[in-house]
Amino acid sequence: MKIRRHACKVLCIGLTLFIAYSLFLVFYTKVTLQKLFLASVQEELRLPLSEWNGTVKKKLSHLELDLQHLKESMKLVMKQQENLNNTLEGMEDEHPVQKAVEVKASETKKPKPREKLFPDSPLFKQWGEDLSEAQQKKAKDLFRNFGYNAYLSNRLPLDRAIPDTRHSRCLQKTYSSQLPSLSVILIFMNEALSIIQRAITSIINRTPSPLLKEIILVDDFSSNGELKANLDETIKLYNQKYPGLLKIVRHTKRKGLAQARNSGWEAAAADVVAILDAHVEVNAGWAEPILARIQEDHTVIVSPVFDKIHFDTFEVDKYDLAVDGFNWKLWCRYDSLPKTWIDLNDVTAPVKSPSIMGILAANRLFLGKIGSLDGGMLVYGGENVELSLRVWQCGGRIEVLPCSRIAHLERYHKPYALDLTPALRRNALRVAEIWMDEYKDMVYLAWNIPLQNSGIDYGDISSRIALREKLECKTFDWYLKNIYPALKPIRDIVGYGRLKNPLDGNVCLDQGPILGNTPTMNYCNEYSSQNVYYHLTGELYVGPLIAETNTDDRCLTDPGSGEKPTLEPCSKAAQNRLHIYWDFKPQRALKNRVTNRCLEIKKSNLGFYMPVLQTCTTQVWTIQHTVRGWGAN
Ligand code: UDP
Ligand code: MN
């Protein structure tokens with residue numbers, strides 16, 4: 001026993017000496033190589049000395065930062081080795097003979113797969129096969145804090161390569177040598193330090209250095225310990241290599257992402273600002289298309305194309321080019337490319353877009369002139385649609401640039417809020433009240449909020465209304481007709497919300513299983529699967545309000561026979577003359593205009609209520625909200 005323990009100690013000391021020796025070798029080789037190899041390459045490339053110095057300095061400091069990272073990783077590995085040794089020693093004490101047998105056996109057999117401690121955790125679905133139990137626990141903890149695999153991030157190189165996802169025709173594009181300068185702003189709240197470092201590294205490596213004026217970090221009052229002294233230290237290190245390149249602005253209370261972006265904008269000094277999330281890796285040639293386009297037209301707000309970094313494996317998937325849009329909840333989505341762009345037959349051409357996702361680049365002064373971001377937006381969401389409406393309605397444009405690509409980490413969950421719904425809803429109402437004129441009701445309807453006395457405080461909007469007047473902005477009607485015709489307002493909805501039958505006030509009409517077309521009665525809940533929208537013209541939509549060109553809302557339908565009602569895509573149902581028109585008023589029967597059957601409820605064999613179509617009895621329905629006094633008498 002004692003001999004084994006002694007041998008282990010010798011092994012540890014040996015390992016430490018070996019690592020120290022390796023580190024020494026790496027440093028020594030680095031210096032020698034700098035002298036020999038770099039001199040010959042410089043000779044070959046015949047670069048002017050100043051330019052050469054810049055390039056070399058850049059490469060060397062990356063090497064240095066990577067070494068720093070490597071050193072940290074090695075420290076971690078040694079620490080884990082130490083823990084492992086301690087555990088093994090403990091085990092030896094408990095089962096000395098058994099352990100010796102196991103060690104012998106492991107020399108001949110393949111190690112058996114590790115046990116998964118968290119088989120249900122999304123983190124371990126595609127990743128983590130070979131981790132020890134301690135490592136799995138560590139990774140799980142980090143995942144809970146950040147919503148992505150920070151354990152893996154801490155072990156990946158800061159300057160890792162990612163696939164160049166640009167179309168080959170982007171590579172043939174050339175740009176002026178006199179492009180405007182760029183401030184890059186990275187905002188964050190509780191990100192892993194290695195994530196921020198990788199973003200910075202990608203920006204330094206993949207932006208022409210004469211154009212990159214500064215990188216501004218905005219900390220929206222993170223509580224994460226490593227973003228304090230460690231981050232300050234990291235910034236110092238970068239600034240030793242690139243004097244003045246990195247700046248940091250720290251909020252002393254949480255202000256939300258719109259104000260974080262504004263703080264970055266206020267600190268910026270270059271011609272153009274690119275405002276990014278801190279969990280990105282910019283791709284090759286990302287900056288030139290942005291700078292060139294904004295130089296050409298200073299009123300364009302641009303978006304790069306996003307690729308996806310998986311939250312678990314950190315693999316990068318290419319996303320197809322699309323334009324940015326939103327639905328009536330003002331939640332963002334991708335829309336198809338406009339025909340006018342396709343007809344241009346140039347895959348590198350900017351694409352006119354109704355909206356922007358959040359990450360953006362703009363002429364710094366123009367963005368200020370139109371009011372940067374609405375500082376009245378809280379936490380998250382809506383600020384991108386607010387900016388989009390303001391830009392279009394007040395004389396600017398929004399475009400997606402196909403040749404500028406950024407890989408963006410899509411988290412599994414957000415570290416700053418368990419449920420974003422209250423913030424999204426509140427911010428959406430703010431946008432509706434400032435920008436959407438008579439169409440604002442659509443936002444209330446989509447969120448299932450009463451049109452009057454909603455009880456939701458969307459803050460003071462007077463300064464934003466004043467800004468709208470000062471900038472002499474166009475109406476939302478103009479925006480819908482000219483910029484976003486795919487969004488279809490509906491004018492004749494007179495009742496909406498939950499549809500209940502007084503026989504049992506606990507159950508509500510529900511669209512039922514997602515892919516099915518059979519409505520059900522379910523316990524009332526907050527989800528939009530229980531929204532209904534009754535039109536003066538007789539249709540009754542069931543499920544979330546869609547109201548757009550390419551997707552259909554679903555209409556309550558009497559199929560004519562059998563007792564089960566169905567839900568059918570409204571436009572097709574109308575064309576096929578299905579029975580989708582109903583007579584209804586609050587507290588009255590819901591009766592099909594053609595078949596004269598009523599929607600009623602009846603108990604199934606199992607004792608649950610279900611909706612049925614039958615000869616009308618005395619059953620009636622109530623609807624949660626009414627519009628403009630409909631059904632009052
Ligand atoms: N953010 C912030 N303060 C907040 C909430 C978010 O600074 O209160 C930052 C966050 O760190 C991120 C950016 O805003 O850099 C966008 O948020 P997120 O990435 O979670 O949104 P997504 O990209 O998933 O829509
Ligand atoms: Mn993000």
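Every number for a ligand or one of its atoms is a count from 1 in the order of the listing. Position 1 is the first residue of the sequence; numbering continues from there. Basis for what follows: all heavy atoms, side chains included, without hydrogens, waters or symmetry-related copies.
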Novice: When E383 is tested against each of R390, R430, R261, K255 for salt bridge (Lys or Arg N to Asp or Glu O under 4.0 Å), which residue passes?
Specialist: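 By the salt bridge (Lys or Arg N to Asp or Glu O under 4.0 Å) criterion, E383 pairs with just one of R390, R430, R261, K255: R261.
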
Novice: Are any of the N/O atoms in H408 less than 3.5 Å from those in ligand 1?
Specialist: yes

Novice: Is the gap between the ring centers of Y541 and Y496 under 6.0 Å?
Specialist: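 Between Y541 and Y496, the centre distance exceeds or equals 6.0 Å.
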
Novice: Could you find the nearest protein heavy atom to atom 10 (C) of ligand 1 and give me its residue, atom name and distance?
Specialist: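 Atom 10 (C) of ligand 1 sits closest to the protein heavy atom R411 NH2, 3.7 Å.
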
Novice: D307 and side-chain hydrogen bond (donor to acceptor under 3.5 Å, both in side chains): which partner among H408, K318, R405?
Specialist: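 So the option named by the test is R405.
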
Novice: Give the atom numbers and elements of ligand 1 that come within less than 4.0 Å of a heavy atom of R254.
Specialist: 8 (O)

Novice: Could you tell me if K140 sits above the aromatic ring of F118, with its cationic atom closer than 6.0 Å to the ring centre and no more than 45 degrees from the axis?
Specialist: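 Ring-cation test returns yes.
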
Novice: What atoms of ligand 1 come closer than 4.0 angstrom to any heavy atom of V379?
Specialist: 4 (C), 5 (C), 8 (O)

Novice: Short list, please: which atoms of ligand 1 are under 4.0 Å from a heavy atom of A278?
Specialist: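 Taking each heavy atom of A278 in turn, ligand 1 has 15 (O) under 4.0 Å.
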
Novice: Nearest non-hydrogen contact with atom 23 (O) of ligand 1 belongs to which option: I187, I196, D277, V218?
Specialist: D277

Novice: Please report which non-hydrogen protein atom sits nearest to atom 17 (O) of ligand 1, along with the residue it belongs to and the distance in Å to one decimal place.
Specialist: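 Atom 17 (O) of ligand 1 sits closest to the protein heavy atom Y416 OH, 3.4 Å.
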
Novice: Cationic tip of R144 within the cone over F146's six-membered ring, i.e. under 6.0 Å and within 45° of the normal?
Specialist: no

Novice: Between F366 and H298, what is the ring plane arrangement, given parallel below 30°, perpendicular above 60°, and tilted in between?
Specialist: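 Answer is perpendicular, since the angle exceeds 60°.
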
Novice: In this structure, which one of E191, H413, H279 forms a side-chain hydrogen bond (donor to acceptor under 3.5 Å, both in side chains) with Y148?
Specialist: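 Per the side-chain hydrogen bond (donor to acceptor under 3.5 Å, both in side chains) rule, the option paired with Y148 is E191, out of E191, H413, H279.
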
Novice: Within 45 degrees of the axis of the six-membered ring of W478 and under 6.0 Å from its centre: does K474 put its NZ or CZ there?
Specialist: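 Cation-pi check for K474 and W478: passes.
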
Novice: Identify which of L257, V280, I275 has a heavy atom lying nearest to atom 1 (N) of ligand 1.
Specialist: L257

Novice: Can you confirm whether or not the ring centre of F311 sits under 6.0 Å from the ring centre of Y412?
Specialist: yes

Novice: Using distance alone, decide if ligand 1 has a nitrogen or oxygen within less than 3.5 Å of any nitrogen or oxygen in A260.
Specialist: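 The answer is no, given that A260 and ligand 1 share no N or O pair closer than 3.5 Å.
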
Novice: So which protein N/O/S atoms does the Mn ion (ligand 2) have within less than 2.8 Å?
Specialist: D277 OD2, H279 NE2, H408 NE2

Novice: Ligand 1 versus E191, non-hydrogen atoms closer than 4.0 Å: side chain, backbone, both, neither?
Specialist: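 Side chain only.
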
Novice: What protein heavy atom sits nearest atom 22 (P) of ligand 1, and how far off is it?
Specialist: K414 NZ, 3.2 Å

Novice: Among all protein heavy atoms in this structure, tell me which lies nearest to atom 25 (O) of ligand 1, with the distance rounded to 0.1 Å.
Specialist: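 In this structure, atom 25 (O) of ligand 1 has Y380 OH, 2.6 Å as its nearest protein heavy atom.
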
Novice: Would K488 pass as a cation-pi partner of W328, given that its NZ or CZ must be under 6.0 Å from the six-membered ring centre and within 45 degrees of the axis?
Specialist: no

Novice: With a cut-off of 4.0 Å, which atoms of ligand 1 are near a heavy atom of F188?
Specialist: 7 (O), 11 (O)

